[in-house]
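In what follows, chains are A, B, ... by sequence order, proteins preceding strands, each numbered from 1.
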Amino acid sequence: MSTTPLPGFEHLLAAKPTTEEGRTPRRGPTAEELLEGLNDPQREAVVHAGVPLLVVAGAGSGKTRVLTRRIAWLIQERKAHPGSILAITFTNKAAAEMKERVAELVGGRAKIMWVSTFHSACVRILRKEAEHLGYDRVKSNFSIYDAQDQKRLITMVCNDLDLDPRKFQPGPVLHQISGYKNELRDPAEVRADAKNSFEEAYASAYELYQRRLREANALDFDDLIMETVRLFQTKPGIRETYRRRFRHLLVDEYQDTNHAQYALIHQLCGQDLEEVSTGSTNLEGADAVPPAELMVVGDADQSIYAFRGADIRNIMDFEQDFPDARTVMLEQNYRSTQTILTAANAVIERNEGRKPKRLWSDAGDGAKIVGYVGDTEHDEARFVSDEIDRLTDEDAGLRAGDVAVFYRTNAQSRVFEEIFMRTGMPYKVVGGVRFYERREVRDALAYLRALVNPDDQVSMRRILNTPKRGIGDRAVACVGELATRDSMTFWEALRRADEAPGLATRSQRNIEQFVAVMGELMQMVEAGERPDVILESVLDKSGYLKSLEESDDPQDESRIENLAELVAVAREFAEDPIAGPSADPADVDAGLVEPGLADFLERVALVADSDQIPDAPPDGEAEPDAPAETGMVTLMTLHTAKGLEFPVVFLTGMEDGVFPHSRALGDRTELEEERRLAYVGITRARQRLYVSRSVVRSAWGAPAHNPASRFLGELPIDLVDWRRTEAEQTQWARPTFASDSRSSSYSGGQRLGSPTAAGRRNFSSAAARADAAAKSKPSRAIPNLAPGDRVTHDSFGLGTVVTVEGVADKSVASIDFGSEGVKRLLLRYAPVEKL
DNA sequence: CTAGGAAGTCTTTTT
DNA sequence: GACTTCCTAG
């Protein structure tokens, strides 16, 4: 069973526009052909010209179609130069797909368009303009730091600042910094606005973090956007160049843009934020170009990324931001049955302050929604598995590839993997432990990054002693000290290790060897060797491969395989020059398409989970040559499911505390975001929707008893066919396995006494087992606390409860321990006792 | 300096 | 329960 997520390249490689490419551009489709099969509002959006346009595109309303047809229309009918079009999508996969579909309409010219994510577009701009950024060290070979790199760096920063690691954990600090960047605030502003020592500490962390990034010639994800905005602000000339270039701007998934992205759009459309906020539409200078034509597409009901800075107001206030804007509503749905849409509408309508919108379909009612309540998550998974079996054989016509299983958090995929593995159901998990996050892959990539950008301290430190070559913490500290003392980069200090104070000769020799190897490899990079060739040399010369081969850890075998896979990916990349959205149009024009190591790294840095999903034939526009190998059940989180569709969808773990997530339970706005997530999930289904939950679910190794998700109660009751409800879940026999029920009742009886006793106690045998497992551990009773209660804690002493949130296993209390401060404690673990 | 074990942390969601 | 980080012995 394929459990290894593919690295996310194949779709780009497959997206080679083979159809039209090479032929002389035909006269292209006529205007009628471009509008064929579109409904009225869709047509309006396609042909619209002039003022900014907002397309409110409900789920499944054919917005991709509108976008591609519009682009084709711009080129074909309005004679727009393809190079003057900038289309922003949410994922690289969406970009590649869109490019391909436009190419089908207008031919190879489409390649010159910029169709990419915000991040890729900004990287391209920043690489080109790197020298104008105003940082000494930042050059066009800058590294892009992902979450893990950021974490390492911020940990070093917090250490250097002597911040209490308990109060300033890397995750929250980074989240904070990310927030600043999304709001376009620089460290000085943050410091000026700081109201207390806590916020000042954040400002210091932000400041030093930024300095370290720049010293390392690196940018993080948020920098990519922020620095582009800043570049345009400080260098109006450069901004003007891009304004002139991009005459048409199309933004997909507009509801998920953050403030920085919003600012960028405004800059490119000729209106700066200051101009907007002062209400002035004056452009400075007589040579200013008129604003580009803007079309944004989105659906406020599908905004699910507020947690990473997306600002739903961007779409809600579009008409205020652009007073002369037009709005087009796409409400007809071409994807789902009316039953599914009615359910989706019923759920989303509970959100307050949303603009009314009702999806409808003429596809007929279709099947009822099927509900199931399992005893445990294993029982729930078994139901899903049985049901898929049934659907894929007797119900003929459905393949495993037509089915998707969604869940709220990645951890929930486990039970499904277990049962699919047992029953031999082919499946594929999207996301989770990503290929590019595996240790060995990251090690290899760190080598490559260090070669391209030796200033990249995080990568350099990572590989310095990987594999072990006798350069320990002490040696690293000595080199670091030298670097600080003589203000040089870490890499320079390594090269001059002989000057490092207090460095053991043995370590020094080891460092020299390392530097020599790196020097050799760097020469290969300079000589322009192909990425795959360099990668192979890295694995060889660094001794990394050898150390894995000699290891007796069985895991290392699969590590070797993963590295082989990475080499294969690099080879494919090297051999296919046009693949993917990051080839610079100018280079394509010049026939200059020899992607180097740096391009490879950039691509790798910007792949998304959803980029790995195999292509499915999209809405109606048939793809008869669709790959036959997609016969696998797809497992993924609700977040990665956005933008996709499947004939059959299972929404699992529908429990309060799981979905909606426990952290959202107490918060109105967060709850509404969860509800939008439910809406997204429901509307992924074309024909059949299943909702399921389980009464007992083991979270963190101990069983938890979760109530039904409130979203289940929001489904119209007559639309759901409950196969099994909570009332039935007390039974020990499994209805679907007649032959199994006898033995079940036996063992149930033996374990729990009389079956009725088991029933009354609301536990299935499996749950009882889980329960017993929990009891074998020293699990303590959870104290029932309320604000005001006095407690003692084993190490913090006396305290007073301030707040209590969450329920049962997940309850968290804030407790004031006086001089020890206020602590947030997970009551299940915390050694607190009520007085 | 490294290896191995113990102890502590944690789970949203991701470009 | 799984992953990381910390600690200790060689």
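Using a 4.0 Å heavy-atom criterion, one finds that A:Arg474 contacts the sugar-phosphate atoms exclusively. Heavy atoms of A:Gln261 sit nowhere under 4.0 angstrom from any nucleic acid atom. Nucleic acid contact for A:Phe118: none, since no nucleic acid atom lies under 4.0 Å from a heavy atom of the residue.
Atom CG in A:Asp149 sits about 18 Å away from atom P in B:dT14, given to the nearest Å. The CG-P distance, from A:Leu665 to B:dT13, rounds to 16 Å in whole Å. A:Gln412 has its CD atom 17 Å from the P atom of C:dG1, to the nearest Å. A:Ile304 places its CD1 atom 12 Å from the P atom of B:dT13, with the value rounded to the nearest Å. One atom, CD of A:Gln508, and another, C1' of B:dC1, lie 17 Å apart when rounded to the nearest Å. In this structure, CG of A:Asp256 is placed 11 Å from C1' of B:dT14, rounded to the nearest angstrom. Counting to the nearest Å, the C1' atom of B:dT15 and the CG atom of A:Leu264 are 14 Å from each other. One interatomic measurement links the two molecules: CD of A:Gln255 to C1' of B:dT15, which rounds to 14 Å at whole-angstrom precision.
Phosphate proximity of B:dT15 to A:Thr91: absent, as no side-chain N or O sits under 4.0 Å from OP1 or OP2. Close to B:dT14, at under 4.0 Å from its OP1 or OP2, lies a side-chain N or O of A:Asn410. OP1 or OP2 of B:dC10 sits under 4.0 Å from a side-chain N or O of A:Gln169.
Using a 5.5 Å limit on the distance between ring centres and a 30° limit on the angle between planes, the aromatic ring of A:Phe307 counts as stacked on the six-membered base ring of B:dT13.
Comparing B:dT14, B:dC1, C:dG1 against the side chain of A:Arg414 picks out C:dG1 as the nearest. Nearest nucleotide to the side chain of A:Thr117, out of B:dT11, B:dT15, B:dT14: B:dT15.
Ring centroid separation for the pair A:Phe307 and A:His175 does not come in under the 6.0 Å cut-off.
Note on residues 254-263 of chain A: pairs passing salt bridge (Lys or Arg N to Asp or Glu O under 4.0 Å), not counting sequence neighbours, are A:Asp256-A:Lys642.
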Quick test: give all pairs of protein nitrogen or oxygen and nucleotides 2-4 of chain B nitrogen or oxygen below 3.5 Å, distance rounded to 0.1 Å.
| residue | atom | partner | partner atom | Å |
| --- | --- | --- | --- | --- |
| B:dT2 | OP1 | A:Gly470 | N | 3.2 |
| B:dT2 | OP2 | A:Asn465 | ND2 | 3.4 |

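Sequence order on DNA chain B of the closest nucleotides to A:Ser507 and A:Glu674 puts A:Ser507 first from the 5' end.
Under the ring pair (Phe, Tyr, Trp, His ring centres under 6.0 Å) criterion, A:Phe142 pairs with no residue, sequence neighbours left out. For A:Arg668, the salt bridge (Lys or Arg N to Asp or Glu O under 4.0 Å) partners two or more places apart in sequence, or in a different chain, are A:Glu352, A:Glu672. Scored by the side-chain contact (heavy atoms from CB on, under 4.5 Å) test, A:Asn314 finds A:Tyr254, A:Thr257, A:Tyr262, A:Asp311 as partners (sequence neighbours excluded). Under the side chain to side chain donor-acceptor pair (under 3.5 Å) criterion, A:Tyr679 pairs with no residue at all, not counting sequence neighbours.
Between the C1' atoms of B:dT11 and C:dC6, the separation comes to 22 Å (whole Å).
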- Would you check, one step at a time, whether the test salt bridge (charged side-chain N to carboxylate O under 4.0 Å, His left out) holds for A:Arg442 with A:Asp146? CA-CA 11 Å; A:Arg442 292 187 59 87; A:Asp146 70 9; 2.6 Å; yes
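With hydrogens and angles left out, the side-chain atoms of A:Gln150 and A:Gln148 include no donor and acceptor closer than 3.5 Å.
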